[in-house]
Amino acid sequence: MIQATSFANPRQWFAGELLTDSDFCQLSNVFRAAAGGVIIDVGGLEHDDVAEDLIIFEAEIRNRLSFPWILEDRRPRQTLAFVGDYLRYPGHGGTGCNHYAFANTLDINLVVLDAPGFEDPQHADLRGAFLPYDLSRDDALCDRILEALTHYKGKINGIITFHESLQSGVAKAAELLFLPTLPPEALAIAADKYRTGIAAGRPAYLATCAKDASSILETARITVPIDLEAVSRVGSEGVYKGR
């Protein structure tokens with residue numbers, strides 16, 4: 001079992017003073033200079049096994065924290081826009097509360113863009129601002145995101161969404177604001193199972209009704225079993241096997 005804990009406050013600055021041999025003799029001095037700690041339960045292991053596990057653990061830590069998590073200079077506070085967060089506040093269930101916990105830990109200011117009526121005043125302290133806008137998935141989504149952001153007077157450092165159906169529109173808005181993003185067209189293809197199949201070179205056919213499906217089966221001479229998938233459902237939702 002592994003437990004990790006932080007000893008630091010958000011944006012706390014460490015001078016980077018080196019510990020001396022005498023400092024290591026006092027555990028309180030080590031805690032005072034540390035940003036956090038990890039407890040690893042090594043019960044039942046021999047000494048050599050413990051040393052080997054610690055080497056493996058350190059290598060995993062370095063692999064997983066592959067971003068520059070130790071900064072040499074102080075960094076201005078960042079503001080991130082959450083688009084379509086759908087009441088993902090603590091207590092709502094699911095993993096949504098983690099978004100706010102991570103942002104708080106990293107001292108990131110949050111601007112939430114969501115449907116009118118989703119303000120949830122109880123958790124207003126978790127965000128810097130709430131901007132209501134129309135969540136309709138259409139060609140004007142990007143424009144509405146940009147229009148909503150004009151009502152926030154501060155600087156936006158990034159835009160993010162946790163909803164696949166919003167990713168392309170959010171990426172377009174980020175691109176127009178010269179913010180970091182992935183290519184909107186690539187995200188649009190990834191969210192469309194028909195276009196994903198075509199891009200991957202697999203046989204794929206698009207039907208909008210049962211009549212279309214029957215016509216495709218006849219003209220393309222498709223043999224069963226076949227997979228029937230909704231174009232925009234997440235994961236395996238709406239997937240059926242036709243026999």
Side-chain angles (χ1 to χ4, degrees), residues 1-45 47 49-114 119-130 152 154-163 170 174 179-181:
M1 183 179 68
I2 297 177
Q3 291 181 308
T5 188
S6 173
F7 305 148
N9 296 316
R11 294 180 57 76
Q12 181 175 339
W13 184 257
F14 291 85
E17 298 176 1
L18 294 177
L19 294 176
T20 64
D21 291 341
S22 60
D23 287 327
F24 281 104
C25 295
Q26 294 289 331
L27 195 57
S28 60
N29 292 338
V30 176
F31 284 142
R32 194 176 300 114
V38 179
I39 300 175
I40 307 176
D41 184 358
V42 294
L45 294 179
H47 180 271
D49 293 332
V50 171
E52 183 178 350
D53 281 353
L54 287 175
I55 292 173
I56 295 173
F57 174 75
E58 183 170 349
E60 280 297 306
I61 287 290
R62 293 183 182 278
N63 288 337
R64 297 184 183 217
L65 298 179
S66 56
F67 54 90
W69 61 290
I70 298 179
L71 305 178
E72 295 183 359
D73 301 306
R74 294 179 186 269
R75 187 177 184 184
R77 193 183 191 205
Q78 305 291 291
T79 296
L80 185 64
F82 275 6
V83 178
D85 207 52
Y86 293 161
L87 285 178
R88 290 173 177 265
Y89 299 113
H92 182 64
T95 60
C97 62
N98 293 338
H99 306 160
Y100 293 90
F102 293 153
N104 180 65
T105 300
L106 296 172
D107 195 33
I108 294 174
N109 178 43
L110 296 181
V111 175
V112 177
L113 283 72
D114 213 331
E119 293 89 342
D120 192 3
Q122 180 182 353
H123 296 102
D125 60 313
L126 297 177
R127 59 178 186 259
F130 179 89
Y152 181 71
K155 179 181 179 181
I156 299 290
N157 301 104
I159 311 176
I160 190 172
T161 182
F162 300 97
H163 303 279
V170 168
L179 297 174
T181 185

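Remember, predicted model here, so these are calculated numbers, not experimental data.
For T5, the side chain to side chain contact (heavy atoms under 4.5 Å, CB included) partners are F7, not counting sequence neighbours. Scored by the side chain to side chain contact (heavy atoms under 4.5 Å, CB included) test, L54 finds I40, V50 as partners (sequence neighbours excluded). By the side-chain hydrogen bond (donor to acceptor under 3.5 Å, both in side chains) test, T161 is found to be paired with no residue, residues two or more places apart in sequence or in another chain being considered. For R62, the side chain to side chain contact (heavy atoms under 4.5 Å, CB included) partners are E58, not counting sequence neighbours. With sequence neighbours left out, the side chain to side chain contact (heavy atoms under 4.5 Å, CB included) criterion links Q26 to S28, N29. Scanning for side-chain hydrogen bond (donor to acceptor under 3.5 Å, both in side chains) contacts around R64 gives E60, with sequence neighbours left out.
Considering CZ of F82 and NE2 of H163, their distance stands at 10.0 Å, rounded to 0.5 Å. Here CD of Q78 is found 12.0 Å from CG of L110. Values are rounded to the nearest 0.5 Å. If you take CD1 on I160 and OG1 on T181, they are separated by 10.0 Å, rounding to the nearest 0.5 Å. The structure places CG of L179 at 8.0 Å from CD1 of I156, a figure rounded to the nearest 0.5 Å.
Heavy-atom minimum distance, S6 versus A35: OG-O, 3.6 Å. A pairwise comparison of heavy atoms in P180 and A174 identifies O-CB, 4.2 Å as the closest pair.
No donor-acceptor pair under 3.5 Å is formed between the side chain of N157 and the backbone N or O of L80.
Screening residues 99-108 for salt bridge (Lys or Arg N to Asp or Glu O under 4.0 Å) gives R11-D107, R77-D107 as the qualifying pairs, with residues at least two apart or on separate chains.
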